[in-house]
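The chain is numbered in sequence order, starting from 1. We count ligands from 1, going down the list as the structure has it; atoms in each ligand are counted the same way.
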Amino acid sequence: FPLERIRNFSIIAHVDHGKSTLADRILEITGAIKADTKNKQVLDKLQVERERGITVKAQTASVTYRYEGKDYLLNLIDTPGHVDFTYEVSRSLSACQGVVLLVDANQGVQAQTVANFYLAFTNELAIIPVLNKIDLKNADPEAVKEQMFNLFEINPDDVLQVSAKLGLGVSDMLEAVIKGVPSPADRCNVEAPLRLLLFDSWFDKYKGVVCLVSVVDGCLTKGAQITSSQSGKSYEVKDLGILAPHEISTEELYTGQVGYFSANIRNTKEALVGDTFFLKGEACQPLSGFREAKPLVFAGVYPNDQTEHGQLKAAIERLCLNDRSVSVSVESSSALGQGWRLGFLGLLHMDVFNQRLEQEHGTQVIMTTPSVPYKVRLQGAKSIQQYQGEEVIINNPAHWPDPLNIVETSEPTVMGTIITPVTYLGDIIGLCQGRRGVQKTIRNIDQNRIIMHYYLPLNEIVVDFYDVLKSLSSGYATFDYEELGFELSYLVKLDILLNGHVIPELSTIVHTSKARTEGKRVVEKLKDTLPKQLFTIAVQAAVGGTILARANIKAMRKDVTAKCYGGDITRKMKLLKRQAEGKKKQMKMYDLDGNPFYITPDPILN
Ligand code: GDP
Ligand code: MG
């Protein structure tokens, strides 16, 4: 294919607006798959994606389409729409020159539509605006066009209308892509020495790491010796080809093409997303890379039973091969034994990982309450005059340093985007204020919808914010966020004591202003949840040495053996954690629109 007849594009949309369905139609129209195939949502390969109807890993397909007597090569990249996976979206976009901005004609513009639009816009990509689901009887294309004009200054006349389900308007849309999205000719150079941009990779049992690349300059051939500009390591290309959407081996990948190669890379850590590869011995200017994904939510993961430790270790390692955005470190707890602290991009990411652990590896696990990373500046014991202390990141509340050594603390913050019908505005503002949110903007996007931006501390939204927002608004409000970085904040560790013993698994980090109310809440909850024992248990919440809340769990009945068990907190904790497994199931929920969301993991049991 000559460069002028290549189009690299992506479909971006809010979750459930129909990306995967539209991708299926495109594959059918171009003959890549049979129209009657039972395999719905061909690009959603993972079982968890099929089950939950969300796209987690970005997938790619190369198809051809005949337009005005000429064949065009269309490289389509399906992207995830959920807030946690913005990282996947942005790396997919780096291989594209344009996007189809898909909006449900019934639901209208939603929070992730806005986030995705700005990603495409700031990457200077051509944007083809498309309304989907126009077959629905509640579809209101005119109102949605008005929203798109108000928010993105998209001319209503430029908005295409399709029904991905029925296949209506999809050919017209492909023609709009061919006309509207520039070919990669400006960016690529056929004559120049080889440069490959690595934008995704996954692990294959037989081939090792498979790299998904965009050939920016030159041509990649089988057997070529290529070198990574990040590591300087060289590899021989064993196999290469295109995804259509299944792997089709070819001899060469030409300039402007998107395809895969494998080169006996055994460790996914050597296939860094954003890396540039070149021919061995022909070093060149690396292409501009990407921001690495930073985990924002951390949780301890433990086997149900220590005898399963080895099995769980292997399962986590295997899963991490295909999801490098998960960070892993070893951790241990007196109640739960040996485990790991895993870092995730967000709560849904965590939940999906957990579900994949169960599905793909048949392993049940115990997961602790999620926490965010905090930054703590310590007073070096010797350097008292200056704030030249050490700065540490705390991913586990149990590792919070002694307050006497702390100079200052910071917490991660985000800019949240909320879109909601006007009806729920008051409640949502109340929710945000209760979560230490600061409103930055508020405006109408049409007669009855509002968009707001809120500055929010991440730890206030990480557990149940999305969930509460959904229930306050009967499922209508949507939320997305962008990371802003660390801000100074007054933080303390809230400890929970049972019979005078701190239970490290129950410690949380809270803002000073919330320590007392949070302490009361947890104590009350524990009082109701902990099973009655043969003895009275004192439950206390404390910061430093100060007790902020207290309750007693009365004994079931008097018994002389009570004292024998009184101190054995560890055993009880284990039992509690066992129950967590049952509770965890409730995390996977769908709202009225079929959007997946999650309910609060019980802070006590998890
Ligand atoms: P994604 O999350 O953006 O990938 O959305 P999906 O492709 O999974 O679609 C979400 C839901 O919308 C599915 O139940 C689809 O069957 C449905 N859907 C997609 N496109 C259309 C359409 O054009 N019309 C109607 N009525 N439903 C659609
Ligand atoms: Mg999908």
Q: Please round to the nearest 0.5 Å and tell me the distance separating atom CZ of R449 and atom CD of Q107.
A: 8.0 Å

Q: Answer yes or no: does atom OH of Y67 have more than 12 heavy-atom neighbours from other residues, nucleotides or ligands under 6.0 Å?
A: yes

Q.
For the residue pair S249 / D239, report whether a side-chain donor-acceptor contact shorter than 3.5 Å exists.
A. yes

Q) What about L166: any of its N or O atoms under 3.5 Å from an N or O on ligand 1? A) no

**Q.** K207 NZ: over 12 foreign heavy atoms closer than 6.0 Å
**A.** yes

Q.
Here's a test for you: under side chain to side chain donor-acceptor pair (under 3.5 Å), which of Q257, Q97, R187 qualifies with N8?
A. Q97

Q | Over 12 non-hydrogen atoms of neighbours within 6.0 angstrom of CD in Q439 | A | yes

**Q.** Atoms in ligand 1 flagged as close to D16, the criterion being non-hydrogen separation under 4.0 Å
**A.** 1 (P), 2 (O), 3 (O), 5 (O), 10 (C), 12 (O)

Q.
List ligand 1 atoms under 4.0 Å from D135, heavy atoms only on the residue side.
A. 22 (C), 23 (O), 24 (N), 25 (C), 26 (N)

Q) Which part of L136 is near ligand 1, with near meaning a heavy atom under 4.0 Å away: side chain, backbone, both or neither? A) side chain

Q: Would you kindly specify which portion of V162 sits under 4.0 Å from ligand 1, judged on non-hydrogen atoms: side chain, backbone, both or neither?
A: neither

Q: Record the part of H17 in heavy-atom contact with ligand 1 below 4.0 Å; permitted values are side chain, backbone, both and neither.
A: backbone

(Q) Can you check which of R25, Q107, K133 brings a heavy atom nearest to atom 12 (O) of ligand 1? (A) K133

